[in-house]
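As the structure is a prediction and not an experimental result, all values here were calculated from the model.
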Amino acid sequence: MLTCIIRYRIDPTKRAQFEDYARNWGQAIPRCGADLIGYFAPHEGSTSLAYGIYNIPNLAAYEAYRERLAADPLGQENYAFAQREKFLLQEDRTWLKLVSTPHGARA
């Protein structure tokens, strides 16, 4: 299993638009085949960093997922929304693999 962490730099004056964008992905991403952990908007500290995090089995599954997402009506609408509203200033993806399992019990 791979975890994709998308780091966004957003326009802090357009946080509401980012939150709409995140809610739309909350519908489209699971429907297209990824396990969405969630989208996270600034709360304290930085006003411009936000994250989207999801799991996918492997890079081949990611490629198939991206094709489905690009063809999904809500996905297409959300891409267009981001382009039109210009609230995303930068977007970076990092792929991570969980290596700490099994985790110990909580105290």
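By the rule that hydrophobic residues join a cluster once side-chain heavy atoms approach within less than 4.5 Å of another member, L74 and L36 end up as members of separate clusters. Cluster membership check: F18 does not share its hydrophobic cluster with L49, using side-chain heavy-atom separations under 4.5 Å among Ile, Leu, Val, Met, Phe, Trp and Tyr. Grouping the Ile, Leu, Val, Met, Phe, Trp and Tyr side chains by contacts below 4.5 angstrom, directly or via other members, places L69 with L88.
Put simply, CZ on R66 and CG on L59 are 12.5 Å apart, with the number rounded to the nearest 0.5 Å. Between the OG atom in S46 and the CZ atom in R9 there is a gap of 9.5 Å [rounded to 0.5 Å]. Separating the CZ atom in R7 from the OG1 atom in T94 is a distance of 7.5 Å, to the nearest 0.5 Å. Rounded to the nearest 0.5 angstrom, E67 CD and D72 CG are separated by 13.5 Å. D35 contributes atom CG, which lies 11.5 Å from atom CD1 of I53 (distance to the nearest 0.5 angstrom). For the atom pair CG of D92 and CD1 of I5, the computed distance is 12.0 Å after rounding to the nearest 0.5 Å.
By the side-chain hydrogen bond (donor to acceptor under 3.5 Å, both in side chains) test, Y65 is found to be paired with no residue, residues two or more places apart in sequence or in another chain being considered. Scored by the ring-ring contact (aromatic ring centres under 6.0 Å, His included) test, Y51 finds no partners at all (sequence neighbours excluded). Partners of D11 by side-chain hydrogen bond (donor to acceptor under 3.5 Å, both in side chains), not counting sequence neighbours, listed by chain and number: T13.
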Task: Test side chain to side chain contact (heavy atoms under 4.5 Å, CB included) applied to I10 and L89, step by step - done: CA-CA 5 Å; I10 64 171; L89 305 176; 5.8 Å; no
Task: Stepwise side chain to side chain contact (heavy atoms under 4.5 Å, CB included) test for N55 and I37 - done: CA-CA 7 Å; N55 292 317; I37 295 168; 3.5 Å; yes
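Between Y54 and W25, the distance separating the two ring centers is not shorter than 6.0 angstrom. Checked against the 6.0 Å centroid threshold, Y21 and F87 count as a close aromatic pair.
Two residues are said to be in side-chain contact when any heavy atoms from C-beta on lie closer than 4.5 Å; N58 and M1 fail this criterion.
No side-chain N or O of Q76 forms a donor-acceptor pair with one of N78 less than 3.5 Å apart.
The side chain to side chain donor-acceptor pair (under 3.5 Å) analysis of residues 96-107, with sequence neighbours excluded, yields the pairs S100-H103. Each salt bridge (charged side-chain N to carboxylate O under 4.0 Å, His left out) pair with one or both residues in residues 16-30, not counting sequence neighbours, appears once here: R15-E19, D20-R23.
The number of heavy-atom neighbours closer than 6.0 Å to CD of Q90, taken from other residues, nucleotides and ligands shown, is above 12.
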Determine all donor-acceptor pairs shorter than 3.5 Å in which one atom belongs to a side chain in residues 38-45; sequence neighbours excluded.
residue, atom, partner, partner atom, Å
Y39, OH, Y8, OH, 3.2

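Taking every heavy atom of both residues into account, K14 and K86 meet most closely at NZ-O, 4.0 Å.
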